[in-house]
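Some notes on the structure that comes next.
Given the structure is predicted, the values throughout are model-derived calculations rather than measurements.
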Amino acid sequence: MTPVGGGFEDPPAEVLSQAAAAFGLLASPARLHIVWALAQGESDVTGLAERVGGALPAVSQHLTKLKLAGLVGSRREGRRQVYFVDDADVVTVVRLLVGRLTDRAVPADVPAPRLRGL
């Protein structure tokens, strides 16, 4: 890593590429919702589809992408495939970001401020 002002070092390009890929996967609201749900506990694809309001095939495809990236893991329990977040750091980042944004959100019963000229 290369030292820069403030004592922080720049990460290698490979690390930045890996981080960008992970953030890219989480940039989809559907995949972010799936990771959020799995951060609360394990689930099968049917339970996830019900929770996130997605179609079963679409949720299954999102899980496949997340699994290939190493963000989600799975195990077989009888005839069911159970999914879980396979990276505790991803859970931390998702919970922190979503929690902060939720705290900043304006309550639904408070009208949004109008912009001048509109």
Side-chain angles (χ1 to χ4, degrees):
M1 287 210 250
T2 306
V4 294
F8 292 101
E9 296 181 359
D10 287 336
E14 180 181 323
V15 170
L16 290 171
S17 292
Q18 291 171 351
F23 282 122
L25 281 170
L26 295 175
S28 159
R31 285 192 291 272
L32 184 59
H33 197 172
I34 290 168
V35 171
W36 173 262
L38 291 175
Q40 314 312 310
E42 300 175 342
S43 181
D44 63 7
V45 68
T46 303
L48 282 170
E50 290 172 4
R51 180 161 180 187
V52 303
L56 200 66
V59 171
S60 182
Q61 287 179 355
H62 288 307
L63 284 166
T64 298
K65 289 179 182 181
L66 291 166
K67 191 174 176 183
L68 286 171
L71 301 178
V72 167
S74 68
R75 71 172 183 284
R76 179 127 342 250
E77 281 188 3
R79 296 171 66 185
R80 296 179 341 140
Q81 191 79 6
V82 176
Y83 294 89
F84 53 89
V85 178
D86 203 23
D87 188 333
D89 293 331
V90 169
V91 171
T92 301
V93 169
V94 168
R95 282 185 175 160
L96 177 66
L97 181 59
V98 172
R100 291 279 177 118
L101 292 174
T102 300
D103 291 345
R104 292 181 193 165
V106 177
D109 58 344
V110 175
R114 290 190 50 105
L115 298 176
R116 277 196 247 179
L118 296 180

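You'll find the side chain of L66 reaches within 4.5 Å of the side chain of R31, heavy atoms only. L71 places none of its side-chain heavy atoms less than 4.5 Å from the side chain of I34. Side-chain contact between F23 and V93: present, with at least one pair of heavy atoms (C-beta onward) separated by less than 4.5 Å.
Between L56 and A49, the closest heavy-atom pair is CD1-CB, 4.0 Å. In plain terms, the two heavy atoms of D86 and G70 that are nearest each other are CB-O, 3.9 Å. Nearest heavy-atom pair, V94 versus W36, reported as atom, atom and distance to 0.1 Å: CG1-CE3, 3.9 Å.
Side-chain atoms of R51 do not come within 3.5 Å of backbone N or O of S43 as any donor-acceptor pair.
When hydrophobic clusters are built by joining Ile, Leu, Val, Met, Phe, Trp and Tyr residues whose side-chain heavy atoms come closer than 4.5 Å, directly or via intermediates, V98 is grouped together with V90. Hydrophobic cluster membership is shared by V91 and V72, with clusters built from Ile, Leu, Val, Met, Phe, Trp and Tyr side chains linked at under 4.5 angstrom.
Listed by first then second residue, pairs satisfying salt bridge (Lys or Arg N to Asp or Glu O under 4.0 Å) with a partner in residues 37-47 read E42-R75, D44-R80, not counting sequence neighbours.
The number of heavy atoms from other shown groups lying within 6.0 Å of NZ (K67) is above 12. Atom CD of E77 sits in a crowded spot, with more than 12 heavy atoms from other residues, nucleotides or ligands closer than 6.0 Å.
With rounding to the nearest 0.5 angstrom, the CG atom of L63 is 9.5 Å from the CD atom of Q81. Atom OG1 of T102 is separated from atom CZ of R100 by 11.5 Å, given to the nearest 0.5 angstrom.
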